[in-house]
Amino acid sequence: MSSVRTRIPPSPTGYLHVGNAWAAFFNWLFARRHGGRVVLRIEDTDPTRSSPEYERAIYEDLRWLGMDWDEGPDVGGPYGPYRQSERTELYREAAEALLRAGAAYPCYCTPEEIEQERQRALAERRPYRYSGRCRTRPEQEIRALRAAGVRPALRLDVGRFHDPAWSSGWLERRREEGGPERLYVVVHDLIRGEVAFALDELDDFIVVRSDGTALYNFANVVDDHDMRITHVLRAVEHLSNTPRQVLLYRALGWEPPQFAHLPVLVGPDRRKLSKRHGDAALREYRDELFLPEALRNFFALMAWYPEDGREIFSTEELVRRFDLSQVGRASPVFDRQKLVWMNGEYMRRALREDPERVVELVAGYLVRHGLLPGPPTSDQRVYVRRVVEVLGERIKEGSDVLRYGDFFFLDLPRYDPQAVEAYLRGEQAAAV
RNA sequence: GGCCCCAUCGUCUAGAGGCCUAGGAUACCGCCCUCUCAAGGCGGAGACGGGGAUUCGAAUUCCCCUGGGGCCA
C-alpha cells in the first residue's frame with residue numbers, strides 16, 4: 001500500500017480561520033498517525049482577494065498551532081508548484097486531455113441563455129439541468145459564434161459515462177424500489193460510509209470558464225492527482241461535489257483518492273463559523289493567550305473522543321490514537337467556554353513547567369493592551385514575573401490578566417461598580 | 001426546485017439491541033476548603049426532536065415526518 005499523503009489547502013484571502021485550522025489539524029493528525037506526508041497547497045486562484053501577506057500569515061498561524069508540512073510553496077517538494085496561481089498551465093493541459101478523450105465539449109451558451117433555460121425549468125416545475133445544447137450544436141453555428149468572438153467554456157460530457165466502455169468497474173448499477181435500474185457514482189466515504197449519487201442527476205457541468213480559468217472542482221482534481229494525495233479529508237460541504245470530481249478523475253483516467261468528509265464547525269448560533277462571529281481567526285486566539293497545545297487538544301475533542309472519561313491528551317497521544325472511523329458526523333459547536341477551561345489546564349501546567357514562557361506571553365499581552373509602553377526592560381520583566389506569580393492560576397485566558405491584575409500597571413485602580421455598591425458604600429467603609 | 005449530509009443534557013460527547021433508573025466533561029446552582037478571587041473536593045439540576053415498523057426487548061436497526069446544514073445553479 002502506498003504511503004498516506006494528505007493536504008491542507010488554505011486560501012490566502014484572509015487570516016487562517018478556526019474551521020480551516022481544525023480541518024488542517026485533522027489532516028495533519030491522520031498523516032502523522034500513518035507515517036504519511038502533509039502537503040500544503042495555497043489556493044490563490046482569486047487574484048483580487050489573495051495576497052502574499054495573508055499567505056505568510058497562514059504559514060505563521062499554522063506553525064504556531066504546531067502544524068508542519070513536508071511539501072509546500074515555502075519548503076518545496078517534488079510535486080510542485082504548490083500555489084494554484086502557478087499551475088494554470090497544468091489545468092490547461094488537463095483540459096486539453098479531457099477534450100482529446102472526448103469527455104468534454106466546448107460550450108458557447110451565454111449566461112443569459114443559461115438563465116433562460118433555468119427560468120423555463122422553474123416555470124415548468126421540473127429540476128433544472130443543462131440541456132446539453134452545445135454538445136450537438138451544428139458546426140456552422142459554432143463557426144459563426146467563433147467569428148463573432150465568443151469564447152467557449154468547457155463542459156464535461158456526463159452522458160458519456162452511460163457508455164459501459166467509459167464506466168465499467170467504477171459506476172454501480174442499482175435499482176431503487178419500484179424504479180428502473182440506474183447508474184450511480186458511489187463515494188466510499190471514510191467517515192460517512194457509502195454515499196450514492198445517481199449519474200442522471202448530474203448535468204454537464206462547467207470545467208473551465210470561458211476566460212480560461214479552471215473551476216474549483218477541476219483544479220482540485222488536477223492538483224490532488226498531481227500531488228499524489230491519497231486521502232482527502234475536508235468539510236462535508238464538499239460532499240455534493242465529490243461525484244463530479246470522481247467523474248473528472250475517471251475521465252482523465254485517474255484513480256480518485258479516498259475521501260473523508262468532516263462535519264462543519266459552527267458557532268453558538270448553529271451557523272457555520274465565519275468572520276461574522278468575530279472571533280473566527282486563529283490568531284485572535286493566539287492574541288488572547290490561548291496556548292497552541294490547548295487548542296490542539298480542544299480541536300481533537302470536536303467530533304472525536306479518543307476515550308470517554310478523559311479530556312486532556314498530549315498531541316503525541318492524539319496522533320497515536322487518531323482513528324477516522326471514530327470521527328463524528330454531526331456539526332460541533334465551537335464552545336469558547338470549554339476552550340477557556342482547557343486553556344486554564346494548560347496554563348497552569350505551563351506555569352509549573354515553564355514560567356518564563358508565561359511571563360513572555362503576559363508581557364506581550366500587556367504591551368498590546370497599552371499597560372506596558374513596549375517590549376519590557378529587564379526591570380519591567382522582573383515586575384511582570386512577580387505579577388504572574390501573584391496572578392498564578394487565575395490566568396485562563398488573556399482577559400484574566402486585565403480582570404485580576406490591571407491595577408499592577410495603573411496609577412488608579414478601576415473599580416467594579418457592583419463591588420463598590422456592595423462594599424465601599426457601607427457604614428464602616430469610610431472609617432476603614 | 002432537485003440531490004446530498006446531519007439529529008443524545010445549554011455546549012463537547014459516551015452509547016455500535018438488553019450492562020441505560022442514559023455515563024463523563026464543560027457551563028450553571030449549592031456546600032466544603034479559604035482573609036478575597038482562582039484552583040480543588042463533594043453534591044444538585046439538566047438530553048435520546050416526533051410518529052410508525054422490526055424485536056421478548058431500541059438512544060442504538062428500518063421507514064416517514066419535522067428541524068438544521070450543504071451542493072447545483
Side-chain angles (χ1 to χ4, degrees), chain A residues 22 109 111 113-131 156 158 176-177 182 184-187 189 191-206 215-217 234-245 259-274 297-313 325-345 347-349 351-352 390-397 400-401 403-405 407 416 419 422-423:
Chain A
W22 176 69
C109 295
E113 290 171 314
I114 299 292
E115 182 56 27
Q116 274 176 19
E117 277 191 11
R118 234 195 70 211
Q119 291 302 335
R120 204 172 312 131
L122 212 62
E124 293 169 16
R125 301 179 56 80
R126 58 183 166 78
Y128 167 74
R129 243 167 262 142
Y130 174 63
S131 62
L156 196 75
V158 175
E176 295 284 299
E177 210 171 329
R182 299 207 284 173
Y184 285 86
V185 180
V186 180
V187 177
D189 190 281
I191 292 174
R192 279 151 219 280
E194 278 190 1
V195 187
F197 299 85
L199 184 64
D200 52 36
E201 299 281 355
L202 268 24
D203 64 354
D204 293 353
F205 57 94
I206 304 249
L215 258 84
Y216 170 82
N217 277 331
R234 51 149 55 152
V236 249
E237 57 206 30
H238 295 291
L239 183 55
S240 303
N241 276 324
T242 309
R244 276 173 260 275
Q245 296 191 347
F259 294 100
H261 287 92
L262 304 165
V264 176
L265 280 199
V266 297
D269 55 0
R270 288 269 167 202
R271 307 190 68 94
K272 185 178 165 184
L273 212 52
S274 72
N297 193 155
F298 180 69
F299 275 168
L301 261 36
M302 282 191 293
W304 177 51
Y305 257 58
E307 169 192 325
D308 188 40
R310 189 144 78 95
E311 303 268 300
I312 304 296
F313 294 90
S325 68
Q326 291 176 344
V327 172
R329 297 184 287 270
S331 301
V333 174
F334 187 91
D335 182 2
R336 195 175 195 284
Q337 283 187 317
K338 186 149 184 178
L339 206 212
V340 169
W341 164 76
M342 186 167 283
N343 199 53
E345 295 279 321
M347 198 56 100
R348 271 171 258 136
R349 180 172 303 188
L351 240 19
R352 255 189 337 265
V390 170
L391 257 27
E393 62 198 9
R394 289 178 188 78
I395 308 171
K396 296 199 289 262
E397 60 175 321
D400 292 327
V401 173
R403 181 167 22 245
Y404 301 121
F407 58 84
D416 173 2
Y423 299 107

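All values derive from a computational prediction rather than experimental measurement. Chain A is the first sequence line, chain B the second, and so forth, proteins listed ahead of strands; every chain is numbered from 1.
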Check your understanding: Pick one: which of A/R329, A/R234, A/H238 meets side chain to side chain donor-acceptor pair (under 3.5 Å) with A/H261?
Key -> A/R234
Review point. So, are A/R129 and A/E201 salt-bridged, with charged N and O less than 4.0 Å apart?
Key: yes
Review point. Mapping A/V264 and A/M302 to their closest nucleotides on RNA chain B, which lands nearer the 5' end?
Key: A/M302
Practice item. Kindly say whether, by distance alone, the side chain of A/S331 makes a donor-acceptor pair under 3.5 Å with the base of B/G69? Key: no
Review point. What is the distance, rounded to the nearest whole Å, between atom CD1 of A/I206 and atom C1' of B/A73?
Key: 11 Å
Check your understanding: Do you know which of A/N217, A/V185, A/V158 makes side-chain contact (heavy atoms from CB on, under 4.5 Å) with A/R244?
Key -> A/N217
**Study point:** Whole-Å gap separating P (B/C37) and CD (A/E397)
**Key:** 20 Å
Review point. For the pair made of CG in A/D335 and P in B/A25, what is the distance, rounded to whole Å?
Key: 15 Å
Exercise for review: For residues A/F334 and A/F298, establish whether the separation of their ring centroids is below 6.0 Å.
Suggested key: yes
Check your understanding: Reckon A/R270 has a side-chain N or O less than 4.0 Å from the OP1 or OP2 of B/U11?
Key -> yes
Practice item. Could you tell me the separation between the CD atom of A/E237 and the P atom of B/G68, rounded to a whole number of Å? Key: 19 Å
Review point. Starting at the 5' end of RNA chain B and moving along, which residue's nearest nucleotide shows up first, A/H238 or A/E393?
Key: A/E393
Check your understanding: Between the base of B/A38 and the side chain of A/K396, is there a donor-acceptor distance below 3.5 Å?
Key -> no
Study note, to complete from the structure: Against the side chain of A/R394, the closest entry in B/C3, B/U13, B/C37 is B/C37
Point to revise | Separation of atom CZ in A/R244 from atom P in B/C3, rounded to whole Å | key: 14 Å
Check your understanding: For A/R192 and B/A16, what is the distance between atoms CZ and P respectively, to the nearest whole Å?
Key -> 21 Å
Review point. Think A/R329 has a side-chain N or O under 4.0 angstrom from the OP1 or OP2 of B/C6?
Key: yes
Revision key, fill the gap. note: A/E194, atom CD; B/C4, atom P; distance rounded to Å ~ 14 Å
